[in-house]
Amino acid sequence: MKELELILENAKKEIEECSKSADLANVKAKYLGKKSTLSDLLSKLKDMSVDDKKIFGKEINEAKNNINKLIEDKNKLITEKLLNEKLENESIDISLPATFIKEGTPNILEKVIEEVEEVFMSMGYDVVDGPEIEEDRFNFELLNIPKGHAARDAQDTFYIEDENILLRSQTSPVQARTMLKGNGEIPIRMICPGKTYRRDDDDATHSHQFMQIEGLLVDHDISLCDLKGTFDVIAKKLFGPDVVTRFRPSYYQFTEPSVETDISCFACHGKGCSLCKNTGWITISGAGMVHPNVLRNCGYDPEKWNGFAFGFGAERCAMLKYGINDIRTFYNTDLREVANFDRREGE
């Protein structure tokens, strides 16, 4: 018992003299480690009687607990002291002005695409994605554009390895893939925004890569009236409630009949200006009723199903909406050019 009292007294004295956590760790190892005096005492219990084991074992454990408690309390005091010293030495003057951190903004194209997606999703459309490296079959053949057809000349395409693998020249292959998954049995309402690639001149109005937004609806008893109403909703959402829309006859291999979709010029309100080239109208997209051959190629019976499809460039819409006169603005890294668009709509 006297030996335990002496051990406890020495431990208490050494703990009080510690000023660092490292010193405390050394004291703990000395008195509570595997080679400590207390451990030696515990090893002697095996030679004692059962009654003595109960008495001395209890005393040794109490001594260990007391030393542990002293070490924990001292460590808490050392930690608090260090924290207070650190707070005093690293005080911050909160009256000083903060460092200005410039916040960015979503890309202009992303804003336009998200706006279009929200409108279509509110009308029950799905947003679908597909591969940018595509097969000729999906990019052309299923869309009623066989090999050697003159309509391919309008899409000077990037081919990879052979004539059957290419960078998609339109997002229409996603429509073909979606119809094939439908297996000719379910109605389809979808849009497919994404990157497309065509070998073109890089100038103020053209780029070899651009973002296209295409849509497809396949159901029963669909007419041009449904397409006109859908286009009218999108045009008013993008360019304002006063915009008037119209259709003009056109030709696309994958639609019949085909139309060009125009909006009244939102700059001059139809009077004629440089933006609309004095016509009062601005062409936005191409559209039409899905060609029966396309429906048939993709597993839908044209006698039972019909629908409409449309497509337009996100860059063109953004250029018109925000008054951008160079398509390259969307893809360069000069923040000065996009600073004008770091704002909320309507501000």
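- Tested against Phe308, the residues Leu216, Leu217, Leu224 include a single side chain to side chain contact (heavy atoms under 4.5 Å, CB included) partner, Leu217.
- For the residue pair Ala235 and Ile263, the shortest heavy atom distance occurs at CB-CG2, 3.8 Å.
- In this structure, NZ in Lys195 is found 7.0 Å from CE in Met211, a value given to the nearest 0.5 Å.
- Side-chain contact check for Val127 versus Met121: some heavy-atom pair is nearer than 4.5 Å.
- For Asp221, the CG atom counts as loosely surrounded, since its 6.0 Å shell holds 12 or fewer non-hydrogen atoms of other residues, nucleotides or ligands.
- The environment of CD in Glu9 is sparse: at most 12 heavy-atom neighbours from other residues, nucleotides or ligands sit within 6.0 Å.
- Here the closest heavy-atom approach between residue Phe247 and residue Thr261 is recorded as CE2-CG2, 3.3 Å.
- Across Ala318 and Ile108, no two heavy atoms sit closer than the pair CB-CG2, 4.2 Å.
- The hydrophobic cluster containing Ile133 also contains Phe158, counting ILVMFWY residues as joined when their side-chain heavy atoms lie under 4.5 angstrom apart, directly or transitively.
- Judged purely by atom type and a 3.5 angstrom limit, Asp226 uses its side chain to pair as donor or acceptor with the backbone of Ser223.
- The 12-atom threshold is exceeded at CD1 of Ile160, counting heavy atoms of other residues, nucleotides or ligands nearer than 6.0 Å.
- Side chain of Asp219 to main chain of Pro187: no donor-acceptor pair is present (N/O by atom type, distance under 3.5 Å, no hydrogens or angles).
- Side-chain rings of Tyr125 and Phe310 stay apart, their centers remaining 6.0 Å or farther from each other.
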Does Gln253 form a side chain to side chain contact (heavy atoms under 4.5 Å, CB included) with His291? I'd like the steps, not just the answer. CA-CA 8 Å; Gln253 187 68 14; His291 198 290; 5.9 Å; no
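- Atom CD1 of Ile15 and atom NZ of Lys69 lie 11.5 Å apart (nearest 0.5 Å).
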Side chain to side chain contact (heavy atoms under 4.5 Å, CB included) between Ile67 and Leu8, intermediate numbers included: CA-CA 7 Å; Ile67 294 173; Leu8 188 59; 3.7 Å; yes
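- In summary, the side chains of Thr283 and Arg316 do not present any donor paired with an acceptor at a separation below 3.5 Å, with no hydrogens or angles considered.
- Nearest heavy atoms, Asp262 versus Phe231: O-CE2, 3.5 Å.
- The hydrophobic clustering, which links ILVMFWY residues whose side-chain heavy atoms are closer than 4.5 Å, places Phe120 and Val233 together.
- Closest heavy-atom contact between Gly288 and Leu227: N-CD2, 3.7 Å.
- Atom CG of Asp126 and atom OG1 of Thr178 lie 9.0 Å apart (nearest 0.5 Å).
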Stepwise, does the side chain to side chain contact (heavy atoms under 4.5 Å, CB included) test hold for Val290 with Trp305? CA-CA 10 Å; Val290 181; Trp305 299 86; over 6 Å; no
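- A salt bridge does not link Glu118 with Lys237: every distance from a Lys NZ or Arg NE/NH1/NH2 to an Asp or Glu carboxylate oxygen is 4.0 Å or more.
- Residue Ile284 is grouped with residue Val119 when hydrophobic side chains (ILVMFWY) are merged at heavy-atom distances under 4.5 angstrom, including chains of intermediate members.
- Looking at Thr171, its side chain does come within 3.5 Å of a backbone N or O of Cys192 through a donor-acceptor pair.
- Judged by distance alone, the side chain of Ser285 and the main-chain N or O of Phe312 form no donor-acceptor pair under 3.5 Å.
- Side-chain atoms of Asp232 do not come within 3.5 Å of backbone N or O of Lys228 as any donor-acceptor pair.
- Here the straight-line distance linking atom CG of Leu24 with atom CD of Glu72 works out to 10.5 Å at 0.5 Å rounding.
- The CG atom of Leu180 sits 6.0 Å away from the CZ atom of Phe138 when rounded to the nearest 0.5 Å.
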Verdict with supporting geometry, Glu134 and Arg177, salt bridge (charged side-chain N to carboxylate O under 4.0 Å, His left out): CA-CA 11 Å; Glu134 190 54 275; Arg177 289 178 176 273; 2.7 Å; yes
Before you tell me yes or no, could you show the steps for Ser250 and Ser258 under side-chain hydrogen bond (donor to acceptor under 3.5 Å, both in side chains), namely the whole-Å CA-CA distance, both residues' side-chain angles and the distance that decides it to 0.1 Å? CA-CA 5 Å; Ser250 187; Ser258 304; over 6 Å; no
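- Between Asn293 and Arg296, some side-chain heavy-atom pair lies under the 4.5 Å cut-off.
- In this structure, Asn65 contributes its side chain and Asn61 its backbone to a donor-acceptor pair below 3.5 Å.
- Nearest heavy-atom pair across Ile78 and Cys18 is CD1-O, 4.2 Å.
- A 4.5 Å side-chain heavy-atom check between Val174 and Arg168 finds at least one atom pair inside the cut-off.
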Using side chain to side chain contact (heavy atoms under 4.5 Å, CB included), reason through Ile282 and Phe239 one step at a time and then give a plain yes or no. CA-CA 11 Å; Ile282 301 173; Phe239 301 106; over 6 Å; no
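- Counting only distance, with no hydrogens or angles, the side chain of Asn139 and the backbone of Ser169 share a donor-acceptor pair below 3.5 Å.
- Annotation: Lys147, atom NZ; neighbour count of heavy atoms from other residues, nucleotides and ligands within 6.0 Å is above 12.
- Going from atom CG of Leu143 over to atom CD of Gln170 covers 6.0 Å, rounded to the nearest 0.5 Å.
- Residue Lys28 places its NZ atom among 12 or fewer non-hydrogen atoms of other residues, nucleotides or ligands, all under 6.0 Å distant.
- Under a 3.5 Å cut-off, the side chain of Asn183 and the backbone N or O of Glu185 do not form any donor-acceptor pair.
- Both Val218 and Val294 are members of a single hydrophobic cluster when ILVMFWY side chains are connected at heavy-atom separations under 4.5 Å.
- Clustering ILVMFWY residues whenever any of their side-chain heavy atoms sit less than 4.5 angstrom apart, transitively, puts Leu238 in a cluster other than the one holding Trp281.
- Ile186 is not listed as a side-chain neighbour of Lys181, based on a closest heavy-atom distance of 4.5 Å or more.
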